[in-house]
Amino acid sequence: QVQLVESGGGLAQAGGSLRLSCAASGRTTSAYTMGWFRQAPGKGREFVAAIRWSGGFLNIQDSVKARFTISKHNAKNTVYLQMNSLKPEDTAVYYCAAGASARLQFMADERSLYTTWGQGTQVTVSS
């Protein structure tokens with residue numbers, strides 16, 4: 001079983017940047033797909049970006065792809081979400097998730113395919 005711990009959230013001004021980290025421990029494997037999701041107050045949890053430990057970048061939400069970047073450091077078992085040009089609508093709790101399903105290669109935005117979740121980290125963007 002893999003465990004995930006997010007960090008790096010906080011308060012930022014519109015136009016600013018934050019980098020989120022997701023440290024994985026336990027039974028990590030190169031077969032895993034790692035995803036970032038977010039949940040704004042009163043809304044459902046939505047997909048942000050995904051990457052594979054072994055294969056690299058998979059997918060990113062259209063509304064953030066010009067501003068956010070997902071990356072990984074295999075030796076550190078850590079996945080990052082670099083967020084630039086932040087907007088107030090980016091305010092949400094950001095979650096890291098892991099899944100081993102082969103279907104994630106084609107459905108990286110499918111929340112139900114991720115089996116392990118972190119506790120979330122709050123990102124608040126002020127205008």
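Counting heavy atoms from C-beta outward, Gln105 and Arg52 have side chains that approach closer than 4.5 Å. Counting only heavy atoms from C-beta outward, the side chains of Gln39 and Glu46 never approach each other to under 4.5 Å. In this structure the side chain of Leu20 reaches within 4.5 angstrom of the side chain of Thr121, judged on heavy atoms. Side chains of Phe68 and Ile60 form a contact here, defined as non-hydrogen atoms less than 4.5 Å apart. Inter-residue side-chain proximity for Asn59 and Phe47 is flagged as met; some heavy-atom pair is nearer than 4.5 Å. Here the side chains of Leu81 and Thr69 are not in contact, with every heavy-atom distance at 4.5 Å or above. When side chains are defined from C-beta on, Leu58 counts as touching Thr33, because their heavy atoms get closer than 4.5 Å. Between Ile51 and Trp36, the closest side-chain pair of non-hydrogen atoms is not below 4.5 Å.
A donor-acceptor pair under 3.5 Å links the side-chain atoms of Gln3 to the main chain of Gln1, judged by distance alone.
Under 3.5 Å, the side chains of Lys72 and Asn74 contain a donor-acceptor pair of N or O atoms. Using a 3.5 Å distance cut-off with no hydrogens or angles, the side chains of Arg38 and Tyr94 do pair a donor with an acceptor.
Taking 4.0 Å as the cut-off between side-chain N and carboxylate O, Asp62 and Lys65 count as a salt-bridged pair.
In this structure, Trp53 has no ring pair (Phe, Tyr, Trp, His ring centres under 6.0 Å) partners at least two apart in sequence or on a different chain.
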**OP:** Could you go through the side chain to side chain contact (heavy atoms under 4.5 Å, CB included) check for Ser71 and Gln82 one step at a time?
**Re:** CA-CA 8 Å; Ser71 62; Gln82 178 67 45; over 6 Å; no
**OP:** Kindly determine whether Val123 and Thr91 satisfy side chain to side chain contact (heavy atoms under 4.5 Å, CB included), including the steps that lead there.
**Re:** CA-CA 5 Å; Val123 171; Thr91 294; 5.9 Å; no
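Follow the hydrophobic side-chain contacts under 4.5 Å out from Val125 and you reach Val64 in the same cluster.
For Phe37 and Trp117, the gap between ring centers is short of 6.0 Å.
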